[in-house]
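Single-structure report; data block below.
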Amino acid sequence: SAVISQKPSRDICQRGTSLTIQCQVDSQVTMMFWYRQQPGQSLTLIATANQGSEATYESGFVIDKFPISRPNLTFSTLTVSNMSPEDSSIYLCSASQGYSGRRLGTQYFGPGTRLLVL
Amino acid sequence: DAKTTQPTSMDCAEGRAANLPCNHSTISGNEYVYWYRQIHSQGPQYIIHGLKNNETNEMASLIITEDRKSSTLILPHATLRDTAVYYCIAPSGGSQGNLIFGKGTKLSVKP
């Protein structure tokens, strides 16, 4: 298993500003992911953070809005850019030890970052 | 990913077994079934996964039907702390980690 921490745990931001969320894993992992959970909704995958290359974004999410970095095997950041109230959500980081199959489906999640945009 | 169908909500008495069903009739031969849960205000927690054999760990048991079209997660002695939303997920074998979280089952364990 892996223990995931996120910073900040919550924040209140003004529209038009940007916030960078950090995700730290206590061990080296092959895959890291970023999810969004809007109020009262289930989780939606934003992107896969690839170490040493650009992130892979899901449909509906773009790099200009959600730039992601993954400088090493234990750390990743997600930036929410030019925020609007619609970006108010919980943002969650997860990590997996696998590249495919059953190991990839076993993911460990951070506690989330609660973002409110005014 | 195979589509999964779960009841919206279930109740269970504390100390009793909680049996949470999931239908995944379109599952293919190489797709595992995963169960996660999300306790209020926390990140999702991995519980268990299986392919075709029944599985058991310290948290739960997973019973998969022989035709693999459905499965049941069993919490043998539910406690109040097991109150959560439980998600059944069957990601495709070639997926890059895209766990598609549906609405899940809201399990309420009552004293």
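Order of the sequence lines fixes the chain letters, A, B, ..., with proteins taken first and strands second; residue numbering starts at 1 for each chain.
Interatomic distance, CZ of A:F109 versus OH of B:Y36, reported as 5.5 Å (0.5 Å rounding). We find the OH-CG distance between A:Y35 and B:L99 to be 4.0 Å, quoted to the nearest 0.5 Å. The line from OG1 of A:T106 to CD1 of B:I48 is 10.5 Å long, rounded to the nearest 0.5 Å.
A pairwise comparison of heavy atoms in B:Y87 and A:Q37 identifies OH-NE2, 4.2 Å as the closest pair. Residue B:Q42 comes nearest to A:R114 through the heavy atom pair N-NH2, 3.9 Å, listed as atom of the first residue, atom of the second, then distance. The two residues A:S42 and B:G102 have their closest heavy-atom pair at OG-O, 2.6 Å. Heavy-atom minimum distance, A:L43 versus B:P44: CD2-CG, 3.6 Å.
Taken together through direct or relayed side-chain contacts under 4.5 Å among Ile, Leu, Val, Met, Phe, Trp and Tyr, A:F75 and A:V29 form parts of separate hydrophobic clusters. Residue A:L45 is grouped with residue B:Y46 when hydrophobic side chains (ILVMFWY) are merged at heavy-atom distances under 4.5 angstrom, including chains of intermediate members. Transitive grouping of hydrophobic side chains (ILVMFWY, heavy atoms separated by less than 4.5 Å) keeps B:I74 and B:L80 in distinct clusters. In the hydrophobic clustering of ILVMFWY residues, with side-chain heavy atoms under 4.5 Å counting as a link, B:I64 and B:L75 come out together. Tracing side-chain contacts under 4.5 Å through hydrophobic residues (I, L, V, M, F, W, Y), one never reaches A:V62 starting from A:L115; they form parts of separate clusters.
The part of A:E58 that comes within reach of chain B is its side chain, from C-beta onward, which places non-hydrogen atoms under 4.5 angstrom from that chain.
Atom CD of A:E54 has 12 or fewer neighbouring heavy atoms from other residues, nucleotides or ligands inside a 6.0 Å radius.
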